[in-house]
Each structure stands twice: as structure tokens, then as C-alpha cells.
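Chain letters run A, B, ... following the sequence lines, proteins first, then strands; residues in each count from 1.
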Amino acid sequence: MIPRVRFAPSPTGYLHVGGARTALFNWLYARRAGGVFVLRIEDTDAERSSDAMVEGILDGLRWLGLAWDEGPKIGGEHGPYFQSQRFDRHRDVAARLVAERLAYYCYCTPEELSAKRAAAEQTTGGWKYDRTCCALTDREIASREEARMARAIRFRVPEGTTRFDDLVHGPIEFDHANIEDFVILRSDGLPTYQLSVVSDDVDMKITHVVRGDDHISNTPKQILIYRAMGAALPQFAHVPLILGPDKKRLSKRHGATSVMEYARGGYLPEAMTNFLALLGWSPGGDRELLTRDELVAAFALEGISGGNAVFNPEKLDWFNQQHLMRLAPDELALRVKPSFEAAGQWRDEFLGDRRAWFFSVLDLFRPRAKRLDDFAAQSRFFFVDTLEYDAAAVEKHLRATDMDEHLVALDAAFASLDTFDPVSIEAALRSVADARGVKAGSLIHAMRVAVTGKTVSPGLFDVLSLLGRARVRQRLAEARRVGATSAS
RNA sequence: GUCCCCAUCGUCCAGAGGCCCAGGACGUGGCCCUUUCAAGGCCAAAACACGGGUUCGAAUCCCGUUGGGGACGCCA
């Protein structure tokens, strides 16, 4: 039997990092086990669901590279994949359970229930449905039906206990005494979550239910439904939640929680998945930096730890940086392109004739970039005609004693070089420094300001070489003017 | 209030009775490299929540306490 897993988000918000990790675990499991990854949209709550949210979630999954084998857009044998299109089936199941006396009609109104609940909370503190309608005789039911009273359907919870072996937590047991007769079909005829998940998971032949820890307490209710339906149980794996730095469940007030915010923020999906995968799971040993294929190869539900995990943005940054450094050149170029375009620094020849040069420039910034857009920002001086000079830098390095003469000497030295490569340039600069009795450092700093406008850049000789002799000499001349003007 | 889950450095993990006076990573501090900033290398500080058992031996097993989280809806 091939494993079938599913990710079943409700489109009441964008894909957040917690949901993303749940999706990732499902996807990893499917890929690892040669199974099928199903995407099902749980839009039972029409009030809070919207098409925009559905698209948002799909975008998030696509960005992460978590392609689904069955689901929205692509369909599949077990569709439809929108829960709202499966209500008839849910109603059938509910009706069947009523017919089999495994569920019953409940005519209690929401008002009555909340009053009872409020009263109970005053005294005992806890409340469980009192089974008023469970005790109704056939005659009483018939008269209520005749009166067309609104009624919901409740599941008749039998006495006993339910236990299951959770793949991450091990055996978990619940006493039915703590489970009330829960509603499976609302009085408006729509199913509740408990019914629709089970019904759909059964129909979609889901073999492994991998979802958040917060569903543990729903599991016994759902198992009861599986049994009542006469369906085989899937395996359950409840993965721990992701918490904010304050140890509270991650939410908007913790900052970015939508995965698309990270996409826009210059993060690599491979870094995100690597980071998310290791939040609560470990391949064992000390391995941390893993490619997507390595994650798939190493993944096992059993390796997921039981405790909640705190989201650590600094570590995400580190993963991003590491993956940035390992990205293939053409891949990097492609990913960086949008931000170069946005900065007005893009030219198609960077993927054509100037490809080698462009890749070299990018390589200079790899160890310095944390996000994708850092490349465009930090390398800007390579792509503009007129530099913006940092005033303090100009003051400190360009207006140092005798610097103008030193620059003239450097220009001459550069002009006479056979090849304008880093090694030759460095040798030339150092010999000028020697000859003029100044420290090479002072010339290096001055040159850096001259060609980049700033005090911070990649290694100067690499920068000069890639800038090319003509532009370097041009900027040298410009720098001398800048150094001269308003020099006090 | 009831039920459930969890408990190793600040954070994420390793550890499945002796290999552990506990290992890796992020972060932090220092040093090295060095033309700046990074990256990289080296070093350091930093944890088995507590109390009982079981055992020749416990971070690892059991019980309790405490702490944290989650669930208790005609939401999902």
C-alpha cells in the first residue's frame, strides 16, 4: 500500500511558518516513502474563508517547492479537493450514523447551551453536553421533527477509552468520560470539522495524518468516527508547535509569520525548508546544512521530537547565508535578477556575453550577503555611472596628507600594467606605497573610497580588477576632484 | 476547572543504562587571518528543572512535584 498523506489548511489566513512546516513534513514523508502528497482545502467555514487566502496558501507552497500530487488546480482521483464541495458526502455519513443510532439529533439551541455552559463554569468550572437530547424518546423526536425544529447531529460517545500510538508521541490514551457528545453536523446542515476531516481522509485514502500537536485532543473523537464509519484508522503523527521567542504560540505579533514575507524578504526556499525541517526534527547526529534531496533522504517521522520549538530568526539568517554561498552560479543569477531589476541595475547580457563577469561580481558578495537583495544593494557601485560618496569616508581617506599625489602615482602605475588582474594590481599598489614611504593600507583605503564611495567592500584588488582599468582610472580622476573640492 | 502533550546550554538539536565531569549548530565573548566588511579557522562562557525510586551504574527507565504548551465551540 502506498502511503498517502495530506496537508489540509483552512484558508482563513496566509500560509504561516507553522503550517508551512506541517506541509513540509507531509511532503518530506511522501517523497521519502514514495507516497502521495495530497492538498485539501478545508473551507468549511465560509465566513472566514476566501479565494484570496487559498491563492496565498498555494503561492506559499509553490515558493517552498512543496508540489502536491493531488489537489487544487491539478485535481486527482479522489477529488474534489475543496471540502466545501464535499458536503453531500458529509451529510450522508451523518445521516447514516443517526440511522445506526451512533449519533442523534440534538434540538438544544445555541442559547440554551451557552446558558448551561455559563452556569456550569460558575460552579464546577467545566462543562460537558448533558445529553438532554440523547435521552429523547422516539415519540419526542418525532414530534420535534414534525414541528420542524432546528437540530444538529451529535455523536453518541460510548463509555470506555480510546488509545492510539502516535508516531511522534507514542501511546496516548483518553477516557471517554472527558469527551462530550460533540456536534458532527450543524443545524444549518453543514458538517463540523470533526466529521469532515474524517470523512474526507477516509475517502481520500489517507494513511498517515501528520498535523500539529494542537489536534491531539481531537484525535479520540475522530477515531470514534472512523470506527463508527467502519473505516480503517490511519497512523497519526502529531508534530510539536512552533513558538515565538516568548514561548507563546507563534502569531502576528511576533513579526513575520507568513512564508511569503520571507520570500519577499530575500530568503531562499531551500534555506527556509532546511531551517523549518530542523525545527523539531533531526536526522540524528550533527548534520544541519542539508539540501532538499538530503532532507528527503534522511527524513523519518520517528525522528520528530515531542517538545515545542521556538522560532529563531538569527538561525534562519545563517541558513540563508549558507545556502546563498552554495547556490550554483546561474541559479544565483536568476534569483538575484528581480532585485537587480528593481534597482535598475539589470542588463540581459549578464546572462549572455557578460555572464562570466557578472558571476564573478556575484561571487564577491556571496560571503557578505544574508538576503538575496543584499547582492544588488552591496554591489551597486559596479553598475552605476556616478558614485555617491560617503562624506566621512572622503574626509578620512581621500583627504589624507598628500593623497592627491599618491593617487596620481597610482594612476600611472595602473596605466602601465600589462594585465589588470588582482595580483598585478596589488603588486603595483604596494610598490607605489613603498616608493612613497606610505603604508599600503592608506592607499588601499583611499582607493576603496575612490571606486566604491564607501569604506566597506569586498577585497579591493578583486574589486578593481572586475571594475576594469578604464573605469578605475575614470573613478580615480573623479575621486581626485571630490577630494579637492571643499577640502578645508 | 478538566483532559492531553512536553521538559538537555539563551535558542534549535545529538544523546535510545555504562563511550557523557554531556556533543554539534545559531547567538554571545576572545584570538587568528587581514586592506575594510564579511566569510573562514581556533578558543571560551553556557544545560541534563526538582525530589524520590529501579539498577553494580541513569541525561537516558518508573513515580511524584514544579514549570511550559495545547485542547476543552453548531471554529478549523
*What is the pairing partner of G40(B), taking Watson-Crick or G-U wobble pairs with both distances under 3.5 Å in any strand?*
C32(B)
*asked:* Centroid separation under 6.0 Å, is that true for the rings of Phe381(A) and Tyr389(A)?
replied: no
*Rounded to whole angstrom, note down the P distance from A44(B) over to C26(B).*
16 Å
*What residues form a ring pair (Phe, Tyr, Trp, His ring centres under 6.0 Å) with Trp281(A), not counting sequence neighbours?*
Phe299(A)
*For nucleotides A38(B) and A49(B), find the distance between their P atoms and express it as a whole number of Å.*
37 Å
_At under 4.0 Å between heavy atoms, how does the protein contact nucleotides 23-28 of chain B? Give one character per nucleotide, 5' to 3', with B, S or -._
BBBB--
*Pair His397(A)-Arg448(A), side-chain donor/acceptor within less than 3.5 Å*: no
*When the distance from NZ of Lys439(A) to C1' of U34(B) is rounded to whole Å, what number comes out?*
13 Å
*asked:* List the residues meeting side chain to side chain contact (heavy atoms under 4.5 Å, CB included) with Leu102(A), not counting sequence neighbours, and say none if there are none.
replied: Leu97(A), Glu100(A), Ala228(A)
*Determine the interatomic distance between C1' on U11(B) and the same-named atom on U55(B); round to the nearest Å.*
35 Å
*In whole angstroms, how far is the C1' atom of C5(B) from the CZ atom of Arg163(A)?*
15 Å
*Once you round it to whole Å, what is the distance between C1' of A39(B) and NE2 of His323(A)?*
17 Å
*Contact class for Ser114(A) vs. all strands (heavy atom < 4.0 Å): base, sugar-phosphate, or nothing?*
nothing
*Hey, does Gly212(A) reach any base, or is it just sugar-phosphate, or nothing, if we go heavy atoms under 4.0 Å?*
nothing
*Could you pull out all residues at least two apart from Arg91(A) that satisfy side chain to side chain contact (heavy atoms under 4.5 Å, CB included)?*
Phe87(A), Asp88(A), Leu185(A), Leu190(A)
*Any strand is fair game: report the nucleotide pairing with G18(B) by Watson-Crick or G-U wobble, both distances under 3.5 Å, or none.*
C56(B)
*Under 4.0 angstrom, heavy atoms only, what part of the nucleic acid is Gly306(A) near: base, sugar-phosphate, or nothing?*
sugar-phosphate
_Is the positively charged end of Arg144(A) above the ring of Tyr105(A), judged by distance under 6.0 angstrom from the centroid and angle within 45° of the axis?_
no
*Across all strands shown, which nucleotide pairs with G64(B) by Watson-Crick or G-U wobble geometry, both distances under 3.5 Å?*
C50(B)
*asked:* By the 4.0 Å heavy-atom rule, please label Met325(A) as base, sugar-phosphate, or nothing.
replied: sugar-phosphate
_Just to verify, what does Gln322(A) make a side chain to side chain contact (heavy atoms under 4.5 Å, CB included) with, not counting sequence neighbours?_
Leu289(A), Trp318(A), Met325(A), Arg326(A)
*Nearest-Å distance once atom C1' is located in both G70(B) and G30(B)*: 43 Å
_Looking at every non-hydrogen atom in both residues, tell me the closest pair between Leu372(A) and Ser339(A) and how far apart they are._
O-OG, 4.0 Å
_Residues which pass ring pair (Phe, Tyr, Trp, His ring centres under 6.0 Å) with His208(A), listed by chain and number, not counting sequence neighbours_ = Tyr29(A)
*Sequence-distant partners of Ala237(A), side chain to side chain contact (heavy atoms under 4.5 Å, CB included), two or more places apart*: Leu167(A), Val168(A), Val210(A), Leu301(A)
*Can you tell me the distance, in whole Å, between the CG atom of Asp363(A) and the C1' atom of A38(B)?*
15 Å
*Starting from C1' on A38(B), measure out to CZ on Arg371(A) and report it in whole angstrom.*
15 Å
_Just to be sure I understand the rule, does Leu279(A) reach a base, reach only the sugar-phosphate, or reach nothing, if contact means heavy atoms closer than 4.0 Å?_
sugar-phosphate
*Tell me: CG of Asp390(A) to C1' of U36(B), nearest whole Å?*
12 Å
_With nearest nucleotide decided by heavy atoms, which residue, Leu278(A) or Gly459(A), maps closer to the 5′ end of RNA chain B?_
Leu278(A)
*asked:* What is the distance, to the nearest angstrom, from the CD1 atom on Ile242(A) to the P atom on U11(B)?
replied: 16 Å
*asked:* Base, sugar-phosphate or nothing for Gln378(A)? Non-hydrogen atoms, less than 4.0 Å.
replied: nothing
*asked:* Thr22(A) and side chain to side chain contact (heavy atoms under 4.5 Å, CB included): which single residue from Ile242(A), Asp213(A), Val239(A) fits?
replied: Val239(A)
_What's the gap between G73(B) and C3(B) when it is taken at their P atoms, as a whole Å value?_
16 Å
*Taking salt bridge (charged side-chain N to carboxylate O under 4.0 Å, His left out) as the test, write out the residues that go with Glu55(A), two or more places apart.*
Arg62(A), Lys73(A)
_C1' spacing across the pair G51(B) / G15(B), given as an integer number of angstrom_ = 24 Å
*Between G24(B) and G41(B), how far is it from one P atom to the other, in whole Å?*
14 Å
*asked:* Tell me every residue that passes ring pair (Phe, Tyr, Trp, His ring centres under 6.0 Å) with Phe82(A), counting only those two or more places apart in sequence or in another chain.
replied: none
*asked:* For C26(B), give the paired nucleotide (Watson-Crick: N1-N3 plus N6-O4 or O6-N4; G-U: N1-O2 and O6-N3; both under 3.5 Å), or none.
replied: G10(B)
*Listed in order of residue number, which residues of residues 430-438 of chain A have a non-hydrogen atom at under 4.0 Å from RNA chain B?*
Arg430(A)
*asked:* Any base atoms under 4.0 Å from Phe461(A), or only sugar-phosphate, or nothing? Heavy atoms, all strands.
replied: base
*Would you kindly give the CZ-to-P distance between Arg366(A) and G40(B), to the nearest whole Å?*
14 Å
*With a 4.0 Å cut-off on heavy atoms, is Ser282(A) in touch with a base, just the backbone sugar-phosphate, or nothing at all?*
sugar-phosphate
*With Tyr193(A), which residues qualify under ring pair (Phe, Tyr, Trp, His ring centres under 6.0 Å), at least two apart?*
His215(A)
*Sugar-phosphate means primed atoms, P, OP1 and OP2; the rest is base. With that split, encode nucleotides 67-76 of chain B 5' to 3' as B, S or - using protein heavy atoms under 4.0 Å.*
--SSS-SBBB
*Please measure how far the P atom in G69(B) lies from the corresponding atom in G27(B), and state the result in whole Å.*
27 Å
*Hunt down the Watson-Crick or G-U wobble partner of C3(B), both distances under 3.5 Å, from any strand shown, or write none.*
G70(B)
